[in-house]
Amino acid sequence: MNNPDLKQQVDSRRTFAIISHPDAGKTTITEQLLLFGGAIRQAGTVKGKKTGNFAKSDWMDIEKQRGISVTSSVMQFDFDDKRVNILDTPGHEDFSEDTYRTLMAVDSAVMVIDSAKGIEAQTKKLFQVVKRRGIPIFTFINKLDRDGREPLELLEELEELLDIESYPMNWPIGMGKGLEGLYDIDNERIEFYRPEQYEGERFVKLTNGEIAGDHPLKEKSIYEDVLGEVELVREAGDQFDLEKIERGDQTPVFFGSALTNFGVETFLERFVDLAPKPHAHKTETGEAVSPYEEEFSGFVFKIQANMNPNHRDRIAFVRICSGTFERGMDVMLGRTGKKMKLSNVTQFMADARENVEEAVAGDIIGVYDTGNYQIGDTLYEGKLKVAYEELPSFTPELFMKVTAKNVMKQKSFHKGIYQLVQEGAIQLYKTYLTDEYIIGAVGQLQFEVFQHRMLNEYNAEVVMTPMGNKIARWIDPEQLDERMSSSRNILAKDRFDQPLFLFENQFAMRWFADKYPEVELKSLM
């Protein structure tokens with residue numbers, strides 16, 4: 001691919017993550033976007049469990065059973081001459097590690113908010129991660145088909161709680177049973193919720209901000225109310241500023257209903273216009289690699305085992321940062337200096353996939369992995385020799401001792417543990433002297449998913465003994481004396497054989513610090 005062609009291809013990419021609090025409608029809006037992109041014929045929603053119409057982006061059995069997303073899915077489709085890559089992240093806080101790493105692989109984010117509940121805890125936490133990265137964020141206020149809070153109140157909450165300017169691209173005309181449509185500020189038109197009530201017309205153009213001539217909507221009192229609210233927003237609100245949006249200082253706000261597929265297409269049309277093309281990625285040295293650099297490079301931000309249970313496969317998800325991927329190409333794995341041949345590579349539609357011959361910066365590819373890759377690995381071509389920034393790791397807070405229930409299934413037990421640990425959802429430790437397995441996680445649900453997957457994917461039933469909350473702190477091996485260990489600070493080692501203590505509580509850690517003032521203790525993050 002010559003350079004002008006590469007630039008054109010890269011500029012057509014739109015790679016973004018969808019973030020929200022659980023049950024705000026994130027997975028449902030993902031389904032509708034896929035529908036408009038022609039990637040699926042029928043949207044399955046998390047409400048459709050009895051019919052078997054599970055959400056396309058929720059491919060894991062436990063996700064279908066619970067109706068939640070617990071792993072990041074990657075989906076791709078074409079829309080309006082753009083190649084769109086969606087990363088649908090877990091909303092549940094117990095899986096925030098997966099979400100944080102995924103946010104390192106995107107160029108923008110879409111924040112989904114429940115119109116009745118407003119900004120919820122996990123939304124705020126994820127927003128802060130996006131804000132720190134300075135990436136553009138677009139807001140979709142969902143569930144207009146139900147009664148919710150006043151739009152002005154929601155915008156005010158956005159600005160106060162998240163400290164970001166907001167600019168409404170459209171405005172609700174009613175809500176719940178009284179929902180009439182959207183006043184589309186951006187396109188100077190009204191979009192009707194029930195076109196059949198208005199002679200089948202879906203849109204009506206506005207002249208000087210109003211419907212010209214006679215129209216049934218003008219006879220309803222809500223019409224005048226909305227005109228007043230829109231006028232207030234225009235005069236007293238923030239002005240649309242593309243530069244602020246690109247810096248992450250202003251968010252365009254769209255209202256709609258993902259469940260009834262209202263306002264979603266309008267959002268998608270405007271989003272692919274406004275969302276940024278792939279950006280330069282920083283390396284460990286602080287320099288940034290341009291997406292237009294001709295030589296290929298990328299980094300592994302996620303590893304997923306058993307996406308296809310029939311094949312017991314393992315996929316390393318790679319964000320391409322520069323150049324062109326071509327099937328069968330040789331690349332270097334930066335961590336080991338080993339040459340790798342990228343021949344079995346796929347792109348995704350949730351659990352469906354197809355071999356990819358070529359991809360460019362901004363795309364997400366899945367590399368078939370036999371155990372060579374780790375999260376955070378950099379792949380590069382030729383003389384580029386680059387190492388991208390380290391991805392975030394988190395110190396677990398909850399711990400369990402884990403053993404195989406059936407001693408005859410030790411092989412499956414060990415294989416399952418090591419593969420699931422490499423995905424990054426749980427962390428593995430061993431007691432320092434006896435090598436008993438301990439797993440650590442940020443949240444309780446991670447343990448439940450671990451137990452479910454060990455049984456269903458590896459046929460290994462496990463016994464888990466809670467150890468409760470612990471404070472994990474690493475110690476330099478040069479400073480370690482095994483006699484420092486006690487019942488209040490268990491000595492263990494991580495999967496890289498680095499020693500650490502699991503402290504019972506803050507008091508135990510302070511006592512240790514007072515007794516051994518020369519010892520430096522470290523956390524992951």
Side-chain angles (χ1 to χ4, degrees), residues 93-104 125 128-129 132-133 282-286 299-303 334-336 374-378 387-402 417-418 420-444 446-447 466-525:
E93 64 180 352
D94 285 7
F95 295 88
S96 53
E97 292 170 274
D98 196 22
T99 300
Y100 291 158
R101 285 191 285 262
T102 296
L103 289 172
M104 301 295 286
K125 190 182 295 185
Q128 288 166 347
V129 176
R132 278 199 300 272
R133 284 204 58 215
K282 284 186 178 179
T283 65
E284 286 182 348
T285 63
F299 62 87
V300 177
F301 67 93
K302 172 183 173 63
I303 291 174
R335 175 175 48 83
T336 63
Q374 294 180 12
I375 289 172
D377 277 347
T378 295
Y388 286 108
E389 285 183 305
E390 190 175 348
L391 297 186
S393 296
F394 298 84
T395 303
E397 298 169 2
L398 297 173
F399 295 86
M400 293 255 193
K401 284 190 176 179
V402 58
I417 281 189
Y418 278 103
L420 296 182
V421 163
Q422 286 172 326
E423 291 182 13
I426 58 168
Q427 295 186 30
L428 177 65
Y429 308 95
K430 293 179 183 178
T431 52
Y432 200 78
L433 296 176
T434 58
D435 280 347
E436 295 174 88
Y437 278 177
I438 298 172
I439 57 173
V442 174
Q444 179 64 34
Q446 287 177 310
F447 292 131
M467 298 174 67
N469 286 61
K470 302 288 181 187
I471 301 171
R473 291 294 183 267
W474 277 254
I475 180 173
D476 187 331
E478 297 291 326
Q479 294 186 305
L480 177 63
D481 183 334
E482 292 175 16
R483 290 171 296 183
M484 293 174 175
S485 178
S486 73
S487 60
R488 290 191 168 185
N489 57 302
I490 300 168
L491 180 58
K493 53 191 172 186
D494 63 19
R495 66 188 179 106
F496 304 109
D497 287 331
Q498 294 302 304
L500 71 151
F501 286 107
L502 301 178
F503 289 98
E504 188 176 59
N505 49 35
Q506 289 284 349
F507 175 81
M509 192 164 68
R510 285 195 298 271
W511 182 88
F512 182 93
D514 290 341
K515 187 173 182 181
Y516 305 105
E518 74 285 357
V519 173
E520 183 182 2
L521 298 173
K522 296 180 180 179
S523 64
L524 292 178
M525 201 173 169

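At least one side-chain heavy atom of Leu502 sits under 4.5 Å from a side-chain heavy atom of Ile438. Contact annotation: the side chain of Ile471 approaches that of Gln506 to within less than 4.5 Å [non-hydrogen atoms, C-beta and beyond]. The closest side-chain heavy-atom distance from Gln444 to Met400 is below 4.5 Å.
A pairwise comparison of heavy atoms in Tyr429 and Ala492 identifies CB-CB, 4.5 Å as the closest pair. Looking at every heavy atom in both residues, Thr378 comes nearest to Tyr388 through OG1-N, 2.9 Å. Minimum interatomic distance between Arg483 and Tyr516 (heavy atoms only, all atoms of both residues): O-OH, 4.4 Å. Listed here is the closest heavy atom pair of Pro499 and Pro477: CD-CG, 3.8 Å. Of all heavy-atom pairs between Gln427 and Val421, the closest is C-CG2, 4.5 Å. Pairing each heavy atom of Lys430 with each of Tyr437, the nearest pair is CE-CE2, 3.2 Å.
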Chi angles and distances behind the side-chain contact (heavy atoms from CB on, under 4.5 Å) call for Leu391, Phe299: CA-CA 10 Å; Leu391 297 186; Phe299 62 87; 4.1 Å; yes

Start with the C-alpha distance between Leu398 and Asn469, add both sets of side-chain angles, then the distance that settles side-chain contact (heavy atoms from CB on, under 4.5 Å), and finish with yes or no. CA-CA 5 Å; Leu398 297 173; Asn469 286 61; 3.1 Å; yes

Between Leu420 and Ile439, does a side-chain contact (heavy atoms from CB on, under 4.5 Å) hold up when you go through it step by step? CA-CA 11 Å; Leu420 296 182; Ile439 57 173; over 6 Å; no

Verify side-chain contact (heavy atoms from CB on, under 4.5 Å) between Glu482 and Leu491, making sure each step is shown before the conclusion. CA-CA 8 Å; Glu482 292 175 16; Leu491 180 58; 4.2 Å; yes

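Separating the CD1 atom in Ile375 from the CE atom in Met104 is a distance of 12.5 Å, to the nearest 0.5 Å. Going from atom CZ of Arg495 over to atom CD of Gln374 covers 5.5 Å, rounded to the nearest 0.5 Å. The CG atom of Leu500 lies 12.5 Å from the NZ atom of Lys470; values are rounded to the nearest 0.5 Å. Here the straight-line distance linking atom CE of Met467 with atom CD of Glu504 works out to 10.5 Å at 0.5 Å rounding. Rounding to the nearest 0.5 Å gives a distance of 13.5 Å between OG1 of Thr283 and CD of Glu390. Expressed to the nearest 0.5 Å, how far OG1 of Thr431 lies from NZ of Lys401 amounts to 6.5 Å.
The pair Asp435-Lys493 meets the salt-bridge criterion, since a charged nitrogen lies less than 4.0 angstrom from a carboxylate oxygen.
Heavy-atom neighbours of Glu520 CD from other residues, nucleotides or ligands within 6.0 Å: at or below the threshold of 12. Heavy atoms from other residues, nucleotides or ligands lying under 6.0 Å from CD of Gln479 number more than 12. Crowding of Glu518 atom CD: a count of heavy atoms from other residues, nucleotides or ligands under 6.0 Å exceeding 12. More than 12 heavy atoms of other residues, nucleotides or ligands sit less than 6.0 Å from atom CZ of Arg335.
Here the side chain of Thr395 pairs no donor or acceptor atom with the backbone of Ala472 at under 3.5 angstrom. Formation of a donor-acceptor pair under 3.5 Å by the Asp514 side chain with backbone atoms of Trp511 is not found in this model.
Between Phe512 and Phe501, the ring planes lie tilted relative to each other; the angle falls in the 30° to 60° range.
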